[in-house]
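Okay, so here's the structure we're looking at.
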Amino acid sequence: MTKPRVIYEPKPGSPLHADRAFYARLASATEGRTLVERFVVPRRTGRAWRVRAGQLVRIVAVEGPQVADLNVWNLANPRERFWASRTRQLHQAHLGTFDRLWSCLPYLRPMLTITADTVQYARDEDGAGCHDLLGTRCDPYVHKLLNGEEFDLCCHSNLVRAVAPFHLTEPDVHDVLNVFQVTGLTAEGRYFVKPSAARTGDFLEMFAEIDVLCAISVCPHGDLSVPVWGPNAADALATCHPLGVEIWQPAPALLAGWTSPRVSDYRGGHGLRAT
Ligand SMILES: [Zn+2]
């Protein structure tokens, strides 16, 4: 049997790897920051908000363990949006500090870079990790598929409602980063979850590389400790908590030398030639 081989190997200097010293400084220099906005997203709801390039955004477990489903768009062009599957290949199936959230084709640039993660779950004995890119959002169509029920309490539906004030619609909602969600694959390769590892006060902090629109759903399944489907399925309301969002402006001196990344400069034209 051949050994596993990591396939996405960058050349030295590739923007795949963030400048760790730069982002570590941003994360540690909390005293010179200015709070731009802070709000709470109630349990089982969603909300969208703008973050400007050069700002930091935190998603905070303000009242206990809770999963958030995150979507991200270029604020000026919603066709450019977070590409979960490529990000999983470029970095890891569970994101951590210094990993980046990459945009879809034909743009392919970092939209956000993770500067801090207080959960620090690492990888457990079942191969599970936190901040999941293996799965995606819960949605009413899969509920109907699995148990025949009409069920509106879903992250997909929360995100659809959250982006409506920004003139986005259901097809704009895309595959997510499951913040605070612990997942893995069984030995047979099946997706599993464990209860969220977040505790009150935990946060995931990200640096906005470009102007973005972010949206989260505060998952109606709470911390995912109650089975959603199967014989032990039950209402997870008692495990649902709100989430906080904070937007911070770092001290200007910390951004010296940083420039907002450009879209990919691939110009090959896919081999198409004018005749
Ligand atoms: Zn959900």
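All values derive from a computational prediction rather than experimental measurement. Indexing begins at 1, ligand by ligand and atom by atom, following the structure's order. What's counted below: heavy atoms across the whole structure, side chains too, no hydrogens, waters or symmetry copies. Numbering of residues begins at 1 and proceeds along the displayed sequence.
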Min side-chain heavy-atom separation Phe151-Pro140 under 4.5 Å: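 Not in contact.
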Cut-off under 2.8 Å, centre the Zn ion (ligand 1), protein N/O/S atoms: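 Checking every protein N, O and S atom gives Cys138 SG, Cys155 SG, Cys219 SG.
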SB check Glu209 Arg100 (cutoff 4.0 Å): yes
From CA spacing to verdict: side chain to side chain donor-acceptor pair (under 3.5 Å), Arg86, Tyr8: CA-CA 10 Å; Arg86 182 65 87 218; Tyr8 285 85; 2.7 Å; yes
Shared hydrophobic cluster for Leu112 and Val51 (ILVMFWY, side-chain gaps under 4.5 Å):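 Yes, Leu112 connects to Val51 through the hydrophobic network.
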Asp235 atom CG, over 12 foreign heavy atoms within 6.0 Å: yes
Rounded distance (nearest 0.5 Å) linking atom CG of Leu75 with atom CZ of Phe166: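 Interatomic distance, Leu75 CG to Phe166 CZ, rounded to 0.5 Å: 8.0 Å.
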